[in-house]
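When reading the values below, keep in mind they use all heavy atoms of this one structure, side chains included, and skip hydrogens, waters and symmetry mates. Each chain gets a letter, A, B and so on, in the order its sequence line appears, and its residues count up from 1. Bear in mind the structure is a predicted one, so any value in this text is a computation, not a measurement.
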Protein chains: 2
Amino acid sequence: MSAMNAQIQPILKIGAVAKAAGVSIDTVRFYEGRGLLPSPQRSASGYRLYDQSTIERLNFIGRAKGLGFTLNEIMLLLDLQDKGGSKAEVKSITGAKLEQIERKIEDLQRMRSVLGKLNSDCSGSGSVTGCPIIEALVDGDSDDCCK
Amino acid sequence: MSAMNAQIQPILKIGAVAKAAGVSIDTVRFYEGRGLLPSPQRSASGYRLYDQSTIERLNFIGRAKGLGFTLNEIMLLLDLQDKGGSKAEVKSITGAKLEQIERKIEDLQRMRSVLGKLNSDCSGSGSVTGCPIIEALVDGDSDDCCK
DNA sequence: CTTTACTCTAGTCTAGACTCTAGGGTGTAT
DNA sequence: ATACACCCTAGAGTCTAGACTAGAGTAAAG
Ligand SMILES: [Zn+2]
Ligand SMILES: [Zn+2]
Ligand SMILES: [Zn+2]
Ligand SMILES: [Zn+2]
């Protein structure tokens, strides 16, 4: 907050931002192409030049990915931040994602329960003949798993 | 089990097996290309000719897919059935899948818990300024979600 | 005989998120 | 001067599980 260093930011080349954010150089360029990162300034020789804010933006993207958002969804979230959207818009995106995650969890729990039972029913020794796992796949008994 | 109908099987064209198994014709041809289905007999004019066993094989594949197996994994399971593998081999595939499913469930539960908390922390009204969801993405507080 | 339904091949397209390649230019240290 | 790391572009390739298309031949029904 001192008076005179308004835009004196350290200038970073692509390798440095990538490293700082823990992504590859290719990923940075890829995100730029996808519109997740703005087109950066260029040096006289054409090198991309970044500052700290790009690292923060990459971290935003990484955290959102960690919460299960796709790059398209992340672009929506970044737009809401950049252009000033409403909390309602943000919440509708995260709410939808939450429901999607819950549905996925239910699917996987169903798979786990069927597969866990089959797995424990199988002795694991001898030839595949009579294997309860294979039999369940063959004739579909005890099958709640295929809609 | 009567004495004389050893291989008198009804002959089905691709549309019929596909319909009976609840998949598309494209899918049947695709599975053949992937090696999940053997190359069928052909009619004089080149039509694929199947019998009931193909429907059963397609059902096997569908059930395995419903349990989360990929087509490559399903091919392994089918091979064990076709060529006579051991129960241990089957169980090692299903055991690995079970662990994979469990890991996925844990990931998703982590996402759900973080996202659920953020979602309920956000009032949902007004501008995005101060939105706890966006803030968490920006500065990474309360963040157990990104490895 | 004609219409309609079915089948054939080969190839392209989708989503998602990169990753890699080829072929070149730049920057800095020794 | 030259080694070496770094950067550039454009485009192709990867993985999964098919969907879809075009152009052509075949079968069944009226
Ligand atoms: Zn078994
Ligand atoms: Zn099932
Ligand atoms: Zn909010
Ligand atoms: Zn996180």
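- Residues satisfying the salt bridge (Lys or Arg N to Asp or Glu O under 4.0 Å) criterion with A:Glu73, sequence neighbours excluded, are A:Lys97.
- Atom C1' of nucleotide D:dT16 and atom CE of B:Met75 are separated by 13 Å, given to the nearest angstrom.
- Using modelled atom types and a 3.5 Å distance limit, the side chains of A:Asp51 and A:Ser53 yield a donor-acceptor pair.
- The interatomic distance linking A:Asn72 (CG) with C:dT14 (P) rounds to 14 Å, in whole Å.
- Between A:Arg57 and A:Asp82 there is a salt bridge, since a side-chain N of the basic residue sits under 4.0 Å from a carboxylate O of the acidic one.
- Residues from residues 22-39 of chain B lying near DNA chain C, meaning a heavy-atom separation below 4.0 Å, are B:Ile25, B:Arg29 in numerical order.
- For the residue pair A:Glu89 and A:Leu80, the shortest heavy atom distance occurs at OE1-CD2, 3.5 Å.
- Taking atom CG of A:Leu76 as the reference point, atom C1' of C:dG16 lies 15 Å away to the nearest angstrom.
- Remark: P of C:dT26 and CD1 of A:Ile11 are 19 Å apart, rounded to the nearest angstrom.
- In this structure, B:Phe69 and A:Leu115 have side chains that are in contact, with non-hydrogen atoms separated by less than 4.5 Å.
- Between A:Tyr50 and B:Thr70, the residue whose closest nucleotide on DNA chain D is further toward the 5' end is A:Tyr50.
- Straight-line distance from the CZ atom of A:Arg42 to the P atom of C:dG27: 14 Å, rounded to whole Å.
- Taking only side-chain nitrogens and oxygens, B:Arg48 never comes nearer than 4.0 Å to OP1 or OP2 of C:dT7.
- Within 6.0 Å of CD in B:Gln41 there are 12 or fewer heavy atoms belonging to other residues, nucleotides or ligands.
- Considering only side-chain N and O atoms, A:Lys65 lies under 4.0 angstrom from the phosphate OP1 or OP2 of C:dC18.
- Rounding to the nearest 0.5 Å gives a distance of 15.5 Å between CD1 of B:Ile11 and CZ of B:Arg48.
- The shortest non-hydrogen separation linking A:Val28 to A:Ala18 is CG2-CB, 3.9 Å.
- With respect to the salt-bridge test (charged N to carboxylate O, under 4.0 angstrom), the residues A:Asp107 and A:Arg103 do not qualify.
- A straight line from CD1 of B:Ile74 to C1' of D:dA17 spans 11 Å, rounded to a whole angstrom.
- Rounded to a whole Å, the CG atom of A:Leu71 is 13 Å from the P atom of C:dA15.
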Reading 5' to 3' through nucleotides 24-30 of chain D, protein heavy-atom contacts under 4.0 Å coded B for base, S for sugar-phosphate only, - for none: -BBS---
